[in-house]
Amino acid sequence: MPAFVLVHSPLVGPATWTGVAEVLRARGDDVVVPSLVAATTTGPPFAAPAVEAVAAAVDAAGVEGPLVVAAHSGAGPLLPAIGEALGARVVCHLLVDAALPMPGRARISELHPSFRGLLTGLVRPDGTLPPWHEWWGRGAIDGFVPDPDRRAQVVAELSPIPYALFEEPLPVVPGWPAAPCAYLRLSETYAVEEAAASGMGWPVTSVHGSHLELVSAPARVAVAMLDLVARVLPT
């Protein structure tokens with residue numbers, strides 16, 4: 001089995017992947033969980049340092065051989081540039097309840113108008129948005145992650161997010177994807193993306209949970225990921 005590179009959304013931190021990483025490592029898989037936190041909080045630019053952080057984490061881990069790159073949520077649009085940075089070692093791009101790549105376009109331009117309005121209304125005088133879990137109202141994250149210990153790990157990594165992150169055009173990578181792609185939907189929010197992925201001929205599946213199902217039910221998500229990888233890669 002290839003090694004897994006689990007890339008978190010720029011809006012959260014690597015703890016969102018901790019449970020899935022534990023499940024995969026218990027199987028004997030090599031797993032790398034890069035942190036994009038520094039790239040998110042010190043930009044602009046945002047995309048290039050995030051991609052560099054992924055490549056540096058893979059190098060530091062010393063993993064050899066093929067890679068499956070799994071991107072959750074807002075990490076999806078970074079997959080083309082990550083794939084370019086990691087090269088031919090990438091044998092599968094796995095999008096997990098993720099936005100699809102939007103080369104050359106800014107994230108804000110692809111958001112539903114109502115969500116775009118929510119974000120612009122949250123911008124503070126210093127140009128930042130509140131930490132992600134505060135966007136949805138007090139206690140909303142409790143429904144996503146009922147376990148208090150796992151929830152505390154996720155919340156501890158959250159910080160204000162520069163609004164400029166949503167205004168930066170995403171990298172254009174000719175020839176992407178150079179490796180097969182698959183899509184795992186966790187929540188109803190990403191039904192449109194799942195349908196688009198299916199329309200492109202990608203293998204798709206869903207686990208019917210919340211956007212943070214990878215935190216609250218990591219074993220379910222890991223099994224679904226492994227099933228998709230098995231469908232993508234030759235035996």
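Since we're looking at a predicted model, the values are computed, not measured. Heavy atoms only: backbone and side chains are in, while hydrogens, waters and symmetry mates are out.
Within the 4.5 Å cutoff, the side chain of Y163 has no heavy atoms near those of the L122 side chain. Side-chain contact between R89 and V5: absent, with no pair of heavy atoms (C-beta onward) separated by less than 4.5 Å. Taking the side chain as every heavy atom from C-beta outward, D126 and P160 never approach each other to under 4.5 Å. F115 has its side chain out of reach of T189: every pair of non-hydrogen atoms, C-beta onward, lies at least 4.5 Å apart. Within the 4.5 Å cutoff, the side chain of M1 has heavy atoms near those of the V229 side chain. Between P218 and E22 there is no side-chain heavy-atom pair separated by less than 4.5 Å.
Taking the side-chain hydrogen bond (donor to acceptor under 3.5 Å, both in side chains) definition, one finds that R150 meets it with nothing, sequence neighbours left out. Partners of D149 under the side chain to side chain contact (heavy atoms under 4.5 Å, CB included) rule, at least two apart in sequence or in another chain, are D147. Considering only residues two or more places apart in sequence or on other chains, T16 meets the side-chain hydrogen bond (donor to acceptor under 3.5 Å, both in side chains) condition with none of them. In this structure E188 satisfies the salt bridge (Lys or Arg N to Asp or Glu O under 4.0 Å) test together with R185, sequence neighbours excluded. For the salt bridge (Lys or Arg N to Asp or Glu O under 4.0 Å) test, residues two or more places apart in sequence or in another chain that qualify with R27 are D29. Qualifying salt bridge (Lys or Arg N to Asp or Glu O under 4.0 Å) partners for R116, counting only residues two or more places apart in sequence or in other chains: none. Checked against side-chain hydrogen bond (donor to acceptor under 3.5 Å, both in side chains), D227 has no partners two or more places apart in sequence or in another chain. With sequence neighbours left out, A195 forms a side chain to side chain contact (heavy atoms under 4.5 Å, CB included) with no residue at all. In this structure, the side chain to side chain contact (heavy atoms under 4.5 Å, CB included) partners of R151, at least two apart in sequence or on a different chain, are I141, D142, V145, P148, V155. Residues passing the salt bridge (Lys or Arg N to Asp or Glu O under 4.0 Å) test with E110 are R105, sequence neighbours excluded.
Of the possible polar contacts, one joining the E213 side chain to the S210 backbone as a donor-acceptor pair under 3.5 Å is found. Checking side-chain atoms of D30 against main-chain N and O of V63 turns up no donor-acceptor pair under 3.5 Å. For the pair H8 (side chain) and L36 (backbone), a donor-acceptor distance under 3.5 Å is present.
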Step-by-step side-chain contact (heavy atoms from CB on, under 4.5 Å) determination, V33 to T18: CA-CA 8 Å; V33 186; T18 296; over 6 Å; no
Evaluation steps, side-chain contact (heavy atoms from CB on, under 4.5 Å), between Y190 and L95: CA-CA 11 Å; Y190 286 84; L95 292 90; over 6 Å; no
side-chain contact (heavy atoms from CB on, under 4.5 Å) between E134 and L158, intermediate numbers included: CA-CA 10 Å; E134 296 181 10; L158 303 182; over 6 Å; no
Criterion side-chain contact (heavy atoms from CB on, under 4.5 Å) on L228 and Y183, from CA distance to verdict: CA-CA 8 Å; L228 282 171; Y183 198 96; 6.0 Å; no
Please tabulate, one pair per line, all N/O donor-acceptor pairs under 3.5 Å involving side-chain atoms of residues 165-182, not counting sequence neighbours.
{"from": "E168", "atom 1": "OE1", "to": "F46", "atom 2": "N", "distance (Å)": "3.4"}
{"from": "E168", "atom 1": "OE1", "to": "A47", "atom 2": "N", "distance (Å)": "3.1"}
{"from": "E168", "atom 1": "OE2", "to": "F46", "atom 2": "N", "distance (Å)": "3.0"}
{"from": "W176", "atom 1": "NE1", "to": "H93", "atom 2": "NE2", "distance (Å)": "3.4"}

Which side-chain N or O atoms in residues 65-81 pair as donor and acceptor under 3.5 Å with protein atoms at least two apart or in another chain?
{"from": "H72", "atom 1": "NE2", "to": "H211", "atom 2": "O", "distance (Å)": "3.0"}
{"from": "S73", "atom 1": "OG", "to": "H211", "atom 2": "NE2", "distance (Å)": "2.9"}

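Cluster annotation: V51 is connected to V32 through the hydrophobic network of ILVMFWY side chains, with a link wherever side-chain heavy atoms come within less than 4.5 Å.
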